[in-house]
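Heads up: the structure comes next, in structure tokens.
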Amino acid sequence: MTVIQAIILAIVEGLTEFLPVSSTGHLIIATALMGIEPSAFVKLFTVAIQLGTILSVVILYFKRFFRSWSFYLKLLVAFIPAAIFGLLFSDEIDNMLESSMTVAITLVLGGIVLLFVDKWFNAPRIDNSDDISYATALKIGFFQCLAMIPGMSRSGATIVGGMTQKLSRKAAAEFSFFLAVPTMFGATAKKLLDFYKDGNQFTSDEYSVLLIGNIVGFIVAIIAIKSFIGYVTKYGFKAFGWYRIVVGGIIIAMLLSGHSLSVL
């Protein structure tokens, strides 16, 4: 992987990680178009650059992260379901990740949900994510487990989960951002552990590429988060729904025409 390719992937990750459009699906398209082979380092890179994106959440919401212990406990409660499911079904999840068609179909199905979610859950009672209960946090955590299906989108699943619990679009999106921190940190730690367990080592060039990727992802994610909150608060999720349907349709068309997409 070249530095330019790493920067492009980091931009894709930073733009899509916190939007309900599936960063996995977009990384598949980007790596396929650039002809990047899915080596052990490339697979690790696409997960490890999440450290930069989760740092953007901590910086943007710095005061919220250091306000009270109850905040951390709610995140822990919401994180537990995904942690358990991830450990129990890691092999099954990896098998699903091998299917490009699964990613494409899930993109389309998730897009259809986003077309109607604003109508289905249009009577929010909670406009501040700090006001959610532990029970609500746990329910949102179970929704996050849906994101283990490649192409579902972690942010999309948790935002919809929050809206089913009477959170406003803004509150649901913000809690999704906060929940990303322990979830993505845990995923990165596990990927790093697996990388070393398999006998792999970083080269000096790979360290540089990973550092650059995280810096770029951090900057782009800050811009994406700020823009996303303002947009969904005013306009909702329909545009993202159509976007997912179009992207999923493109992947399906590519697969049916004989193109091979290397899944990460």
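Between Phe237 and Phe240, the two ring planes are tilted [angle within 30° to 60°]. Ring pair Tyr207/Phe202 is tilted by interplanar angle, where 30° to 60° counts as tilted. Taking the six-membered ring for Trp and thresholds of 30 and 60 degrees, His26 and Tyr243 have nearly parallel ring planes, at less than 30 degrees apart.
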**OP:** Would you sort out whether Ile245 and Leu115 count as a side chain to side chain contact (heavy atoms under 4.5 Å, CB included), showing the intermediate values?
**Re:** CA-CA 10 Å; Ile245 292 171; Leu115 291 182; 3.7 Å; yes

Subject >> Worked check of side chain to side chain contact (heavy atoms under 4.5 Å, CB included) between Met184 and Thr53 >> reply: CA-CA 9 Å; Met184 294 161 64; Thr53 56; 3.2 Å; yes

**OP:** Report the C-alpha separation of Leu60 and Phe177 in whole Å, then their side-chain angles, then the decisive distance to 0.1 Å, and conclude whether the side chain to side chain contact (heavy atoms under 4.5 Å, CB included) test is met.
**Re:** CA-CA 10 Å; Leu60 283 174; Phe177 299 159; over 6 Å; no

**OP:** Would you sort out whether Lys238 and Asp118 count as a salt bridge (charged side-chain N to carboxylate O under 4.0 Å, His left out), showing the intermediate values?
**Re:** CA-CA 8 Å; Lys238 184 173 289 187; Asp118 292 313; over 6 Å; no

Original post:
Checking side chain to side chain contact (heavy atoms under 4.5 Å, CB included) for the pair Met101/Ile252: CA distance, chi angles, key distance, verdict?
Top reply: CA-CA 7 Å; Met101 187 59 75; Ile252 291 173; 4.0 Å; yes

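Atom CG of Leu51 sits about 11.5 Å away from atom CG of Leu211, to the nearest 0.5 Å. One distance of note links OG1 of Thr188 with CZ of Phe195; it measures 13.5 Å at 0.5 Å rounding. The line from OG1 of Thr183 to CD1 of Ile54 is 9.5 Å long, rounded to the nearest 0.5 Å. Residue Phe18 holds its CZ atom at 11.0 Å from CD1 of Ile229, rounded to the nearest 0.5 Å.
Between the side chain of Thr164 and the backbone N or O of Gly161 there is at least one donor-acceptor pair closer than 3.5 Å. Arg169 places no side-chain N or O within donor-acceptor distance of the main-chain N or O of Pro124, the cut-off being under 3.5 Å. Counting only distance, with no hydrogens or angles, the side chain of Arg244 and the backbone of Leu109 share no donor-acceptor pair below 3.5 Å. One N or O on the side chain of Asn214 and one on the backbone of Leu210 form a donor-acceptor pair closer than 3.5 Å. At least one donor-acceptor pair closer than 3.5 Å links the side chain of Asn128 to the backbone N or O of Asp130. Lys74 contributes a side-chain N or O that, together with a main-chain N or O of Ile132, makes up a donor-acceptor pair within less than 3.5 Å.
In this structure the side chain of Val21 never reaches within 4.5 angstrom of the side chain of Val247, judged on heavy atoms. Contact annotation: the side chain of Ser176 approaches that of Arg154 to within less than 4.5 Å [non-hydrogen atoms, C-beta and beyond]. In this structure the side chain of Leu167 reaches within 4.5 angstrom of the side chain of Thr136, judged on heavy atoms. Leu107 places a side-chain heavy atom less than 4.5 Å from the side chain of Ile251.
For Tyr72, the OH atom sits in a packed shell: over 12 heavy atoms of surrounding residues, nucleotides or ligands are nearer than 6.0 Å. Within a 6.0 Å radius of CH2 in Trp120, other residues, nucleotides and ligands contribute more than 12 heavy atoms.
The heavy-atom pair separating Gln50 from Ala187 by the smallest distance is OE1-CB, 4.3 Å. Minimum interatomic distance between Gln144 and Ala78 (heavy atoms only, all atoms of both residues): NE2-O, 4.1 Å.
Ring centers of Phe178 and Tyr61: under 6.0 Å apart, within the cut-off.
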